[in-house]
Peer 1: 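Starting off with a structure, shown below.
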Amino acid sequence: MKILLPVFVAATLSIGACHSSAPVANKSQTGTAVSGNNVLTADEKAQGWTLLFDGVSTKGWHSFNNRSDASAWKAADGILYLDTTRKDGKRIGGGDIVTDETFENYHLSLEWKISQNGNSGLIFNVAEDQKYEYSFNTGPEMQVLDNAGHPDAKIPKHRAGDLYDLIACSKETVTPYGQWNKAEIRVDHGKLDLFLNGTNVVSTTMWDDNWRNMLANSKFKSMPDFGTIKNGHLALQDHGNLVWYRNIRIRKL
């Protein structure tokens with residue numbers, strides 16, 4: 001989390017590859033989605049699932065508040081990843097990216113993996129307005145983290161799968177850095193459930209008195225609109241670390 005400013009699949013490259021800013025995936029480089037990823041079966045389509053990532057482009061996403069051209073977020077080998085390469089000491093086209101569309105009641109599913117010592121996040125119910133500097137000014141976050149290496153893991157409610165700074169996972173199910181995790185966020189008329197690798201790790205109700213009290217005792221207490229948005233964007237966080245996402249899909253409830 002930057003207060004300052006994606007069914008298991010085995011990794012296909014060695015762990016050491018995570019130190020590179022290149023995508024880690026099957027070696028296709030064909031401009032088409034890698035077989036088996038970023039596709040929906042007929043049954044999934046019938047259930048209402050749609051893809052938020054086509055496997056070959058960043059179509060459907062833009063930089064939060066259009067603060068950059070989002071060129072640091074790249075699609076290759078069926079993976080959407082954050083390129084952390086610097087030129088002359090600077091990164092171009094960075095920042096959180098958000099969906100063009102907003103969602104109210106939904107089931108989001110994706111896979112993620114993080115680099116060694118890396119940090120990112122799935123931020124949801126995000127409002128865009130120039131009065132907000134960051135997506136987390138309004139949207140709660142499901143933490144994406146290397147629990148073994150990032151210092152945030154030493155802080156309760158800041159570990160992978162946690163509802164960041166609000167509720168810790170009931171059970172830790174995250175895989176080590178460089179390996180895929182399946183994350184799900186389900187928001188249904190205020191009922192919030194987070195799943196990590198098939199386990200319901202967080203369950204709560206949004207917008208009730210308990211929710212408001214929880215916010216008032218968190219680091220977000222000075223952000224009046226945090227956790228209040230009922231129809232918002234989904235965001236992938238740029239925390240400056242290499243991170244990969246795929247199979248990003250959603251079903252409206």
Side-chain angles (χ1 to χ4, degrees), residues 1-2 6-29 33-39 51-53 55 72-85 96-97 107-124 141-155 157-164 168-186 193-202 234-250:
M1 183 71 190
K2 284 190 301 188
V7 175
F8 298 109
V9 180
T12 57
L13 295 183
S14 67
I15 291 298
C18 289
H19 298 288
S20 166
S21 63
V24 178
N26 296 331
K27 295 290 188 176
S28 65
Q29 298 293 351
V34 175
S35 178
N37 290 319
N38 311 303
V39 294
L51 291 175
L52 292 178
F53 171 52
W73 290 91
K74 299 179 179 179
D77 300 324
I79 292 174
L80 177 61
Y81 73 101
L82 178 65
D83 187 349
T84 58
T85 302
D96 297 357
I97 55 170
H107 184 176
L108 172 71
S109 175
L110 56 76
E111 294 170 51
W112 63 262
K113 64 179 173 180
I114 192 70
S115 53
Q116 186 175 19
N117 305 326
N119 189 339
S120 184
L122 310 175
I123 304 176
F124 54 100
E141 174 188 352
M142 184 179 186
Q143 176 76 299
V144 170
L145 198 77
D146 171 18
N147 277 359
H150 196 280
D152 241 23
K154 298 178 181 180
I155 305 173
K157 306 176 188 176
H158 287 202
R159 295 172 66 84
D162 290 354
L163 182 61
Y164 182 84
C169 286
S170 58
K171 181 180 181 181
E172 191 161 301
T173 60
V174 69
T175 66
Y177 75 88
Q179 297 184 27
W180 289 106
N181 292 272
K182 182 179 180 181
E184 299 169 76
I185 299 174
R186 184 181 173 101
D193 289 286
L194 307 184
F195 299 81
L196 188 61
N197 296 323
T199 298
N200 188 179
V201 294
V202 171
L234 306 172
L236 303 180
Q237 186 184 53
D238 177 355
H239 207 289
N241 304 131
L242 183 58
V243 63
W244 301 264
Y245 294 98
R246 70 181 181 188
N247 292 325
I248 310 173
R249 56 188 67 192
I250 198 166

Peer 1: Would you find a donor on one side and an acceptor on the other, under 3.5 Å apart, between the side chain of Ser115 and the backbone of Asn241?
Peer 2: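 Here the side-chain-to-backbone pair does not exist.
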
Peer 1: Which heavy atom in Trp244 sits nearest to a heavy atom in Ile114, and how many Å separate them?
Peer 2: CZ3-C, 3.7 Å

Peer 1: Just jot down the side chain to side chain contact (heavy atoms under 4.5 Å, CB included) partners of Ala75, sequence neighbours excluded, or say none.
Peer 2: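 Counting only residues at least two positions away or on another chain, Ala75 forms a side chain to side chain contact (heavy atoms under 4.5 Å, CB included) with Phe53.
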
Peer 1: Can you tell me if Asn147 uses its side chain to pair, donor with acceptor, with the backbone of Ala160 under 3.5 Å?
Peer 2: yes

Peer 1: Taking only residues two or more places apart in sequence or in another chain, which ones pass salt bridge (Lys or Arg N to Asp or Glu O under 4.0 Å) with Lys74?
Peer 2: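 Lys74 satisfies salt bridge (Lys or Arg N to Asp or Glu O under 4.0 Å) with Asp83 only.
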
Peer 1: Is His150 reaching over with its side chain to a backbone N or O of Asp152, donor-acceptor style, under 3.5 angstrom?
Peer 2: yes

Peer 1: Specify whether His107 and Phe195 have parallel, tilted or perpendicular ring planes, treating 30° as the upper limit for parallel and 60° as the lower limit for perpendicular.
Peer 2: tilted

Peer 1: Decide yes or no for Val144 and Tyr245: does some side-chain heavy atom of the first lie under 4.5 Å from some side-chain heavy atom of the second?
Peer 2: yes

Peer 1: Go through Asn197 and Asn181 one step at a time and tell me if the side chain to side chain donor-acceptor pair (under 3.5 Å) criterion holds.
Peer 2: CA-CA 6 Å; Asn197 296 323; Asn181 292 272; 2.9 Å; yes

Peer 1: In Å, rounded to the nearest 0.5 Å, how long is the span from CD1 of Ile185 to CG of Leu110?
Peer 2: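 Interatomic distance, Ile185 CD1 to Leu110 CG, rounded to 0.5 Å: 7.0 Å.
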
Peer 1: Please identify each residue that fulfils side-chain hydrogen bond (donor to acceptor under 3.5 Å, both in side chains) with Arg249, with sequence neighbours left out.
Peer 2: Glu44

Peer 1: Judged by atom type as modelled, is there a donor-acceptor pair below 3.5 Å linking the side chain of Ser170 to the main-chain atoms of Val201?
Peer 2: yes

Peer 1: Any donor-acceptor pair under 3.5 Å linking the side chain of Ser120 with the backbone of Gln237?
Peer 2: yes

Peer 1: Go through Leu108 and Ile248 one step at a time and tell me if the side chain to side chain contact (heavy atoms under 4.5 Å, CB included) criterion holds.
Peer 2: CA-CA 8 Å; Leu108 172 71; Ile248 310 173; 4.2 Å; yes

Peer 1: Just how far is it from atom CD of Glu184 to atom CG of Asn200, taken to the nearest 0.5 Å?
Peer 2: 9.5 Å

Peer 1: Quick check for you: to the nearest 0.5 Å, what is the distance between Met142 atom CE and Leu196 atom CG?
Peer 2: 5.0 Å

Peer 1: If you apply the rule side chain to side chain contact (heavy atoms under 4.5 Å, CB included), what do you find for Val243 with Leu236, and how did you get there?
Peer 2: CA-CA 10 Å; Val243 63; Leu236 303 180; over 6 Å; no

Peer 1: Answer whether the closest heavy-atom distance between the side chains of Asn247 and Lys182 falls below 4.5 Å.
Peer 2: no

Peer 1: Taking side chain as C-beta onward, heavy atoms only, is Tyr81 less than 4.5 Å from Leu242?
Peer 2: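 With C-beta onward as the side chain, the pair touches.
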
Peer 1: Any chance you could lay out the side chain to side chain contact (heavy atoms under 4.5 Å, CB included) test for Tyr164 and Ile123, step after step, and finish with the verdict?
Peer 2: CA-CA 10 Å; Tyr164 182 84; Ile123 304 176; over 6 Å; no

Peer 1: Tell me, with the steps shown, if Asn119 and Gln143 meet side chain to side chain contact (heavy atoms under 4.5 Å, CB included).
Peer 2: CA-CA 8 Å; Asn119 189 339; Gln143 176 76 299; 3.3 Å; yes

Peer 1: Tell me the closest heavy-atom pair linking Phe124 and Glu141, and the distance in Å.
Peer 2: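 Distance-wise, the nearest heavy atoms are CE2-N, 4.1 Å.
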
Peer 1: How long is the span from the CG atom in Asn38 to the CZ atom in Arg246, to the nearest 0.5 Å?
Peer 2: 8.0 Å

Peer 1: Who passes side chain to side chain contact (heavy atoms under 4.5 Å, CB included) against Asn117, sequence neighbours left out?
Peer 2: Asp146

Peer 1: Under the 3.5 angstrom rule, does the side chain of Asp162 hit a backbone N or O of Cys169 as a donor-acceptor pair?
Peer 2: yes

Peer 1: Find the distance between CG (Leu194) and CZ (Arg186) and round it off to the nearest 0.5 Å.
Peer 2: 12.5 Å

Peer 1: Could you tell me whether the side chain of Ile250 reaches within less than 4.5 Å of the side chain of Leu234, counting heavy atoms only?
Peer 2: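 Heavy-atom side-chain distance check passes, below 4.5 Å.
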
